[in-house]
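Following: one structure in structure tokens, then a few remarks.
Remember, it's a predicted structure, so these values are computed and weren't measured experimentally.
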Amino acid sequence: MSDAKIKHLYFHIPFCPKLCPYCSFYVETGGKNKTRAFLDALLREAGFTNLNIDLMFAVPGQTPQQWGATLERTIALQPEHVSSYCLTYEEDTEYFRKLLGGEYRQDVELDATLFETTMDTLTAGGFAQYEISNYARPGRESRHNQAYWRGADYLGFGPSAFSTVGLRRWQNIPDTAEYTRRILAGESAESFREELTPATRRGEIMAFAIRMREGLAAVEMEPWEKELREFRELGFIENRDDRIVLTRRGKMMADSVAEAFV
């Protein structure tokens, strides 16, 4: 595999503590966690040298101690890139159903603590936070991800996939069987299409770009001066040379800041 043109290897690290001994990442099962040995063996066999690990925090039942251990084990694996996301309760999912039923509950203060732990631990471990949820060794930032955040055109393939080219955006049908039938029959798999206005597309790009380490050029943000003044008063943003970037406090409120642009 390493001799092929595949340059990046992505691992899914299961976070469900009750699945089985070999895929429980942060809970000691049977007194011995086998995740690290499994990953080490897989990497050696595949021969990859550029590793990204995706993690998720704010999982129901997760404690700060467990999350801290997860981060330390992640650093010990010496990946080049780490993505760390806060769990979002999406509709039509089992997590969302349990949230509505009271079985799960959201703790905003705990989520903030886990996010701060993530920033501090990964930074201390040699990773630079170049986007709200993404950390990399020097020179190992994801070019693929940055293309999205900077507004590059992209094509999505498969059921439910979105594509955006210029001001055109479309989505494929979500049903796998119907998607397969249409593609094999030479039919379009589109279920949705829209034409974006230049202002809408610009706002989307700004909303993503403000999440990045370099922020946005101050001149680009003049149309939102009222919102920027409020964010400065709240301590969410600051000027760095000729650019506007999120402060540490602003990173905690990145979604609220981004909403001002869309």
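Taking each heavy atom of T200 and T197 in turn, the nearest pair found is OG1-OG1, 2.8 Å. Contact between L87 and V59 at its shortest, heavy atoms only, is CD2-CA, 4.2 Å. The two residues R137 and P79 come nearest to each other via the heavy atoms NE-O, 3.3 Å.
The shortest distance between side-chain heavy atoms of R182 and S188 does not fall below 4.5 Å. With contacts defined as side-chain heavy-atom distances shorter than 4.5 Å, the pair Q171/F162 qualifies. The shortest side-chain heavy-atom distance between S191 and E178 does not fall under the 4.5 Å cut-off. Proximity of Y89 to L100: side-chain heavy atoms (C-beta onward) are nowhere separated by under 4.5 Å. L99 is not listed as a side-chain neighbour of P60, based on a closest heavy-atom distance of 4.5 Å or more. The side-chain heavy atoms of F157 and L155, taken from C-beta on, include a pair separated by under 4.5 Å. Taking 4.5 Å as the limit, every side-chain heavy atom of E230 sits out of range of all side-chain heavy atoms of F236. Residues L110 and P64 form a side-chain contact, since some pair of their non-hydrogen atoms from C-beta on lies under 4.5 Å apart.
Between L51 and the choices H81, R140, E80, the side-chain contact (heavy atoms from CB on, under 4.5 Å) rule is met once, by E80.
By the rule that hydrophobic residues join a cluster once side-chain heavy atoms approach within less than 4.5 Å of another member, I237 and L234 end up as members of one cluster. Put simply, F127 and L77 are part of the same group of oily side chains (I, L, V, M, F, W, Y) that touch within less than 4.5 Å, one to the next.
For the atom pair OG1 (T123) and OH (Y135), the distance works out to 6.5 Å, reported to the nearest 0.5 Å. Between the CD atom in E204 and the OG1 atom in T164 there is a gap of 7.0 Å [rounded to 0.5 Å]. One distance of note links NE2 of H144 with OH of Y154; it measures 10.5 Å at 0.5 Å rounding.
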Trace of the salt bridge (Lys or Arg N to Asp or Glu O under 4.0 Å) decision for E116 with K251: CA-CA 10 Å; E116 289 192 296; K251 291 177 181 178; over 6 Å; no
Go through the steps for T121 and W67 under the test side-chain contact (heavy atoms from CB on, under 4.5 Å), then give the verdict. CA-CA 10 Å; T121 304; W67 180 238; over 6 Å; no
Please report the C-alpha distance between Q62 and F57 in whole Å, then the side-chain angles of each, then the deciding distance to 0.1 Å, and finally whether the side-chain contact (heavy atoms from CB on, under 4.5 Å) criterion is met. CA-CA 8 Å; Q62 189 180 53; F57 61 90; 3.6 Å; yes
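Ring centers of Y148 and F208: at least 6.0 Å apart, outside the cut-off.
With sequence neighbours left out, the ring-ring contact (aromatic ring centres under 6.0 Å, His included) criterion links W170 to no other residue.
Salt bridge status for E225 with R232: present, with a side-chain N to carboxylate O gap under 4.0 Å. E187 has a carboxylate O that lies under 4.0 Å from a charged side-chain N of R181, or vice versa, which qualifies the two as a salt bridge.
The number of heavy-atom neighbours closer than 6.0 Å to CD of E195, taken from other residues, nucleotides and ligands shown, is above 12.
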